[in-house]
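Here, residue 1 is the first one in the sequence, and each next residue gets the next number.
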Amino acid sequence: MSYLAPSEFVTKMVDAGESKIFMSTRDTIIRAYMAGAILTLAAWFAVTINVNTGQPLIGALLFPVGFVMLYLLGFDLLTGVFVLSPLALIDKRPGVTLGGVLRNWGLVFVGNFAGAFTVAFMMAFVTTFGFTQAPDKVGTAIGIIGESRTLGYAAHGAAGMATLFMRGMLCNWMVSTGVVGAMISTSVSGKVIAMWMPILVFFYMVFEHSVVNMFLFPSGLLLGAKFSIMDYLIWNEIPTVLGNLVGGLAFTGMTLYTTHVMTLPKRQAGKVTPPRVAA
């Protein structure tokens, strides 16, 4: 069967979260490194399309190719483990602890950042011919993105910070839906279609994705954009990470788990207790 019912794929979400918590440090970092690198290559690709065509919709339509590739290959993004790992804790899987969840998040963050920074350096090198000339039009565009999405938020103070946080929430609502999309179908084509749709929405709407930003903003700094490392951390990366965590877990992980797993019949002593029915 190519389509799984919600109760089936949400159970797969919990199983996936459990397996990620118990994964070795080596495997976690390698998979996260590759995920960060592939996703940010796709971001570079999408920015190049936008610059060359002047049509952001085309870049948004094609950007999901990176997300699809990395999840078909079994790699991990921070935005994905923000949703999956806590479900294993909430489901009280044996041996799963809060420390294990935090360890998984930390290792994936490190791996994603390393992969994204690798691509950021390569992009900066390529667009400047080894830092021997000013960046080409793609490099210049990436530098402008970094300035507008750090200093631009800072100019609005608390309202800018709240907007940044909310864009992070909206982003991982969509991105985590894409993560779930990889589990909805057992066919490659079904997985691709289910992942493609929400990632298109997130990218075209210019929501804030912590891993994509690990590429865009260090790239801008390498290319001489006029913002600082602290601007990047305070006025983008940290609030984006927190927004991604809250949005993905609240709008995707917990909503699906609450309505499709917590209401399943409980098997005890060979008896099935019917799920509660609202009055």
Exercise for the section: Evaluate the side chain to side chain contact (heavy atoms under 4.5 Å, CB included) criterion for residues Phe82 and Leu77: first the C-alpha distance (whole Å), next the side-chain angles of each, then the deciding distance (0.1 Å), finally the verdict. Expected result: CA-CA 9 Å; Phe82 272 165; Leu77 292 173; over 6 Å; no

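- In this structure, OH in Tyr33 is found 11.0 Å from CZ in Phe117, a value given to the nearest 0.5 Å.
- Within 6.0 Å of atom CG in Leu233, more than 12 heavy atoms from other residues, nucleotides or ligands are found, so the atom counts as buried in its surroundings.
- In this structure, Thr79 and Val179 have side chains that are not in contact, with every pair of non-hydrogen atoms separated by 4.5 Å or more.
- Residues satisfying the side-chain hydrogen bond (donor to acceptor under 3.5 Å, both in side chains) test with Arg31, not counting sequence neighbours, are none.
- The environment of Met166 atom CE is sparse: at most 12 non-hydrogen atoms of other residues, nucleotides or ligands sit within 6.0 angstrom.
- For the atom pair CG (Leu57) and OH (Tyr204), the distance works out to 5.5 Å, reported to the nearest 0.5 Å.
- Looking at residues two or more places apart in sequence or on another chain, you find a salt bridge (charged side-chain N to carboxylate O under 4.0 Å, His left out) between Asp15 and Arg93.
- The shortest heavy-atom contact between Gln55 and Asn50 is O-OD1, 3.6 Å.
- Ring orientation note: the planes of Phe109 and Phe113 are close to parallel, at an angle under 30° on the 30°/60° scale.
- Rounding to the nearest 0.5 angstrom, the gap separating the CG atom in Asn213 from the CZ atom in Phe215 is 11.0 Å.
- Under a hydrophobic-cluster definition in which Ile, Leu, Val, Met, Phe, Trp and Tyr are linked whenever side-chain heavy atoms come within less than 4.5 Å, directly or via other members, Leu107 and Ile30 are assigned to different clusters.
- A donor-acceptor contact shorter than 3.5 Å is absent between the side chain of Asn112 and the backbone of Val211.
- The neighbour count for Phe22 CZ, taken as heavy atoms of other residues, nucleotides or ligands under 6.0 Å away, is above 12.
- A heavy-atom distance below 4.5 Å is not found between the side chains of Thr128 and Asp136.
- Between Phe203 and Phe63, the ring planes lie parallel to each other; the angle is under 30°, not in the 30° to 60° tilted range.
- The side-chain heavy atoms of Ser228 and Asp231, taken from C-beta on, include a pair separated by under 4.5 Å.
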Practice task
Take Val108 and Thr28 through the test side chain to side chain contact (heavy atoms under 4.5 Å, CB included) and record every step on the way to the result.
Solution key: CA-CA 6 Å; Val108 173; Thr28 302; 3.8 Å; yes

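- When the shell of 6.0 Å around CE of Met122 is examined, it contains 12 or fewer heavy atoms from other residues, nucleotides or ligands.
- Thr240 OG1 to Phe207 CZ: the interatomic distance, rounded to the nearest 0.5 Å, is 12.5 Å.
- Of all heavy-atom pairs between Val206 and Arg167, the closest is O-CD, 4.0 Å.
- Between Pro239 and Phe165, the shortest heavy-atom distance links the atoms O-CD1, 3.8 Å.
- For residues 49-60, the set of pairs meeting the salt bridge (charged side-chain N to carboxylate O under 4.0 Å, His left out) definition, not counting sequence neighbours, is empty.
- Checked by atom type and distance alone, the side chain of Asn244 pairs as donor or acceptor with a backbone atom of Glu208 at under 3.5 Å.
- Relative ring orientation between Tyr3 and Phe9 is described as perpendicular, the plane-to-plane angle rising above 60° on a 0-90° scale split at 30° and 60°.
- Taking every heavy atom of both residues into account, Trp105 and Ser85 meet most closely at NE1-CB, 4.0 Å.
- Cluster annotation: Ile229 and Leu223 are assigned to the same hydrophobic cluster (Ile/Leu/Val/Met/Phe/Trp/Tyr, side-chain heavy-atom contacts under 4.5 Å, transitive).
- Annotation: Tyr71 is not in aromatic contact with Phe75 [ring centroid separation under 6.0 Å not met].
- The two residues Ser219 and Ala120 have their closest heavy-atom pair at OG-CB, 3.2 Å.
- With hydrogens and angles ignored, the 3.5 Å screen pairs a side-chain donor or acceptor of Ser19 with a backbone N or O of Ala16.
- Looking only at side-chain heavy atoms (C-beta outward), Phe45 and Val65 come within less than 4.5 Å of each other.
- Checking side-chain atoms of Thr259 against main-chain N and O of Thr255 turns up no donor-acceptor pair under 3.5 Å.
- Proximity of Pro64 to Met195: side-chain heavy atoms (C-beta onward) are nowhere separated by under 4.5 Å.
- Put simply, Val188 and Ile193 are part of two different groups of oily side chains (I, L, V, M, F, W, Y) that touch within less than 4.5 Å, one to the next.
- Remark: side-chain polar atoms of Glu8 are paired, donor with acceptor, to backbone N or O of Ala5 under 3.5 angstrom.
- Between Ser176 and Thr252, the side chains place a donor N or O and an acceptor N or O closer than 3.5 Å (distance only, hydrogens not considered).
- Residues Ser210 and Leu78 approach most closely at OG-CD2, 4.0 Å, considering heavy atoms.
- Taking CE of Met23 as the start and CG of Asn104 as the end, the distance is 7.5 Å to the nearest 0.5 Å.
- Cluster membership check: Ile58 shares its hydrophobic cluster with Trp196, using side-chain heavy-atom separations under 4.5 Å among Ile, Leu, Val, Met, Phe, Trp and Tyr.
- To the nearest 0.5 angstrom, Ile29 atom CD1 is 14.5 Å from Met34 atom CE.
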Exercise for the section: Decide side chain to side chain contact (heavy atoms under 4.5 Å, CB included) for Val83 and Val175; before the verdict, give the C-alpha distance in whole Å, the side-chain angles of both, and the deciding distance to 0.1 Å. Expected result: CA-CA 10 Å; Val83 176; Val175 173; over 6 Å; no

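- Ring-plane geometry between Phe202 and His209 is classed as tilted, the angle between the planes lying from 30 to 60 degrees on a 0 to 90 degree scale.
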Practice task
Walk me through it: do Leu39 and Phe67 pass the test side chain to side chain contact (heavy atoms under 4.5 Å, CB included)?
Solution key: CA-CA 6 Å; Leu39 188 73; Phe67 185 88; 4.2 Å; yes

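- In this structure, the side chain of Thr40 does not engage the main chain of Val212 through any donor-acceptor pair within 3.5 Å.
- Using a 4.5 Å cut-off on side-chain heavy atoms (C-beta onward), Ser148 and Tyr153 make no contact.
- Two residues are said to be in side-chain contact when any heavy atoms from C-beta on lie closer than 4.5 Å; Leu216 and Arg149 meet this criterion.
- Residue Met197 is not grouped with residue Met183 when hydrophobic side chains (ILVMFWY) are merged at heavy-atom distances under 4.5 angstrom, including chains of intermediate members.
- Inter-residue side-chain proximity for Ile199 and Met174 is flagged as unmet; no heavy-atom pair is nearer than 4.5 Å.
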